[in-house]
Amino acid sequence: MILLETKNLCKSFDGVKALDNVSIEVERNKLTLVMGPNGSGKSTLINAISGFIKVDSGKVIFEDRDITNREPHEIYNYGIVRTFQNPEPLKSMTVLENVLIGRKHSGEEITNALFTSRWMKEEEELVERAFKILEFLKLDHRWDHPSRALSGGQMKLLEIGRALITDPKLIIMDEPIAGVAPGLAHDIFSHVVELKNKGISFLIVEHRLDIVLKYVDNLYVMFNGSVIAHGKGRDEIEKVLNDPKVIEVYIGD
Amino acid sequence: MVELITLILFFFALYVIVSLSLNLEFGYGGIPNFGKALSVLTGALVVGGILNRLLIWYFGIEGDFISASSLAAYRMTEIVSQNPLIGLGIFLFCVTMAVVAGAIAGALSILPSAKLKGDYLGVTLLAISEVVYLILFYNTEIVGGYYGVSVPDILAFVPGEYRVYAYTVLALICALLVYLFLEKLLNSPYGRILRGHRENEDLIKAFGRDVMKLRIKTMALGSAIAAIAGVVFVFYSSSVVVNAFNRVEWTFYPFLIVLLGGKGNNKGVVLGAFIFVLLKMLIDFYKFDIKYLLHLPFEAVWLQYIVFGILALLILCYKPEGILKEEPIYTPPIKSRLKTNP
Amino acid sequence: MIDVLIGAMVWSNLLVLLALGLTMTYITTGVPNFAQASFAIVGSYIALTLLRLIGLNPYLSIPVTFILGGILGLSTYYIALKPLIKRKASIEMLMIATLAWDLILFGIIGAYSEVLSAITKKTETLFVFTSLDFNIYGIPGRLIVSSLLVLLTILGLYLLLYKTKFGIALRASMENPSLAEAMGINVENTRLFSWFLSGALACMAGSVLPYLQEIVPQTGYFIVVSIFAASIVGGLYHIVGALVGGYIIGISESLFTYILSILLGPGVLVYSKVISLLMMIATVLLHPRGITGTEMWRRVERWLNL
């Protein structure tokens, strides 16, 4: 079952092709990894899918709907959320607030905000959910701390927490374990696997193959803006990793 | 002495209104509204430009705008001195118009740059505000420009010697209402999303928020509030003189107050406004003494600019969070968690 | 009509000098400097002081204003910005710092104008140099001098940026500061250089400005929008943008005012700022990176082989 696919995405910056006919598929309840050396177009790809850059041509299809070049906030409404390369928590806000802010809230409208009764029930439910998520991520004991006090790995977990409260269908993650100690990195991925089993799909861009590969279901390798190899399932992934083209790209890096 | 205290309280109230509105936009929302003066000027424009024209038309006065305004203001003041309700009615009418006009001005001024990052946003807002100011200043036909126009005394029914106190009470009431309104409004998910926008606009975009709409609405609200201060100010001084609405007094000083008191903290901003106005009024009030005492070969107002400029740099550098730090927004469900799992 | 054209050219030349500094410091430091216009007025008062106290012709005082202006630019960076940049202050805070610096300069200019009045026993809060200007075959000195200043500045910048080792490093760090830093180029040097030049060029322009219009301490508030419009319309990310934007804004402002004065009579100078504002807004809406940020400009550049 395909949840999201891109068809021949193209994007140039100043005449340089950052995306060159990129077509990928993200299957439901699977973890799809896009790997590739620096500057291969991975981040551009997820920025294009999540609406942060507009592509020159090609299509992004999500659940049979064309979502190409929509604004980021519209794409969110389809059930897609993303995390950012550098964990960017809202630093002066508390851990709890960082999770709460993930979900749109009727109390955010100026006309509603004044009347507590209009948003109180929603807020109660949201706080309840947020605490459950923080417990799941083992961050609940720090809920009232400013998020800048968290460690790098905890910030990455917090990003996942913020994504979870939106009840997403697809979570796109930009280097979720960059700069995280190996122990905690495996911890993050065990959370990801648990969520995957609960029905959430993942599209991940990551460098640290040593850690991430064993969790991956589908794999795409990008180089110079195009997909140079891909494989579905364990066996095919093995094949891709032994593909001379891929090895060359990585040695060249 | 009583005179000085009244003066301090009056300007304290005005600066509370404007700085709280800036705190909404900048302290909470992170929008660098360097065009804050525009919204205060809008309030003045409503009284000097619209109310005056309505009165001139109503009384059927002929002649150029400035002298016709004087006559209209005089006649209206006469009526108000006999009839307090009309005075208060005019005030409420002007406040309502100012809120609408302020909201429109605020929304329009951010429209060109509503999608862009902070630097373009700040530059565009400043440029729009400056150009509107310059036009209203040099073109004396719109609202009197550098000559100024008279406006009616809406508290003319209060005996002369108490009128200043009455205006001060009126200003303080407006400031209190604005404070209560904003406290209620911002201790909510709206306040939370504003702070989220300030910290990282891309993130809240990715989480489904239309940043452009949020900015436009917030600027409309902030400008509407600041316009009230403009209305109160011109009725108090019984005239509109455009110089009084310059960038230093109504953009820079509110920024200084928000930084001094603590951005994102309404109580802090009120405190900041008090400290600032106290300092400013003392310098203004004792300017001749200061000039004499320090043997200044120039007016003390220049010294005031230098002092407040240096103060702003010092705060930015050594105490950017202000006197009172920002606190998390505790909605009732979160507050109850503070008790159950601290 | 010819006077209008001369005025337009002088104003454009001065705007180019002012916008160049604004654009350069924006590129190197990432902050729009709201005190740029006040730099110019400081220059005007330095020229006035030298004229009054030692009788130096304002044109001849340009080397002095250049150097003092450079020092002013450097102190702006060292006092108002560097301490904040070290503390990783946000761009909004840096902008407030330049506003604060602008207010300090305004206070100093105002105070100084009164001090100078006390010394010379004349009113120095308002002055012009127009009557001092020379004239060659009907071409006024202000046009000759301001054009020469722009030419010399462009030539100097070109030689520096394209023909010296320091310049190549400078260009690299202006085009991509983070990459340059990674390559071991000292970005701090480019900042110092840009702030020195920004202050120097602005003060230089300021010493010619009184030949064109009356100067009062508030003049900075009057011209700041034009400078920003020039830099933004030309493109804030490209030094050449200041050149392009300076002439576009300078000429449009002058011609627009001229046409308006024919239609409405005198006293329309203030509406020139409306045209700058509208052009700036149009740029911000349609192409925030300005003319030099467009694809077409890149083609022109390639064609010129720059």
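Every chain is numbered from 1 and lettered A, B, ... according to where its sequence line falls, protein lines coming before strand lines. Note that the structure is a prediction, hence the values are computed from the model and not measured.
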**Report entry** Check: Glu124(A) side chain, Pro333(B) main-chain N or O, donor-acceptor pair, under 3.5 Å
**Finding:** no
Query raised in the report: Counting only heavy atoms not in Lys335(B), do more than 12 sit closer than 6.0 Å to its NZ atom?
Result: no
Query raised in the report: Are there more than 12 heavy atoms of other residues, nucleotides or ligands under 6.0 Å from atom CZ of Phe136(A)?
Result: yes
Query raised in the report: So, do Thr331(B) and Trp119(A) sit near enough that their side-chain heavy atoms are less than 4.5 Å apart?
Result: yes
Query - Heavy-atom contact with chain B under 4.5 Å, split by part of Leu114(A) - result: both
Query raised in the report: Should Glu109(A) and Tyr190(B) count as side-chain neighbours, where that means a heavy-atom distance under 4.5 Å?
Result: no
Requested in this report: Look at Val127(A), Ile75(A), Leu96(A), Ile101(A) and state which one has the largest set of heavy-atom pairs under 4.5 Å with chain B.
Outcome: Ile101(A)
Requested in this report: Report the C-alpha separation of Glu108(A) and Arg192(B) in whole Å, then their side-chain angles, then the decisive distance to 0.1 Å, and conclude whether the salt bridge (charged side-chain N to carboxylate O under 4.0 Å, His left out) test is met.
Outcome: CA-CA 8 Å; Glu108(A) 284 165 15; Arg192(B) 194 154 66 212; over 6 Å; no
**Report entry** Toward chain A, the part of Asn187(B) with a non-hydrogen atom under 4.5 Å
**Finding:** backbone
Requested in this report: Could you check if a side-chain atom of Lys205(B) sits within less than 4.5 angstrom of a side-chain atom of Tyr76(A), using non-hydrogen atoms only?
Outcome: no
**Report entry** Heavy atoms of other groups near Lys104(A) NZ, more than 12 under 6.0 Å
**Finding:** yes
Report summary line: So, the part of Tyr330(B) with a heavy atom under 4.5 Å from chain A: the answer is side chain
**Report entry** Any side-chain heavy-atom pair of Asp210(B) and Glu71(A) under 4.5 Å
**Finding:** no
Report summary line: Smallest heavy-atom separation, Ser188(B) atom then Gly107(A) atom, equals OG-O, 4.1 Å
Query - Among the listed options Met93(A), Glu128(A), Arg82(A), the residue most often paired with chain B at heavy-atom distances under 4.5 Å - result: Met93(A)
Query raised in the report: Would you find more than 12 non-hydrogen atoms of other residues, nucleotides or ligands less than 6.0 Å from Lys54(A) atom NZ?
Result: yes
Query raised in the report: So which heavy atom on Phe84(A) is nearest to which on Leu203(B), and how close?
Result: CE1-CA, 3.9 Å
Query raised in the report: Within 45° of the ring axis of Phe207(B) and under 6.0 Å from its six-membered ring centre, is that where the NZ or CZ of Arg103(A) lies?
Result: no
**Report entry** Atom pair CG/CG of Asn112(A) and Leu185(B) - distance to nearest 0.5 Å
**Finding:** 10.5 Å
Query - Within-4.5 Å side-chain heavy-atom neighbours: Leu90(A) and Arg195(B) - result: no
Query - Part of Ser92(A) lying under 4.5 Å from any heavy atom of chain B - result: both
Requested in this report: Check whether any side-chain N or O of Glu97(A) sits under 3.5 Å from a backbone N or O of Ile329(B) as a donor-acceptor pair, and report yes or no.
Outcome: yes
**Report entry** Side chain, backbone, both or neither of Phe131(A) within contact of chain B (heavy atoms, under 4.5 Å)
**Finding:** side chain
Query raised in the report: Has Lys196(A) got more than 12 heavy atoms of other residues, nucleotides or ligands less than 6.0 Å from its NZ?
Result: yes
**Report entry** Min side-chain heavy-atom separation Ile334(B)-Leu100(A) under 4.5 Å
**Finding:** yes
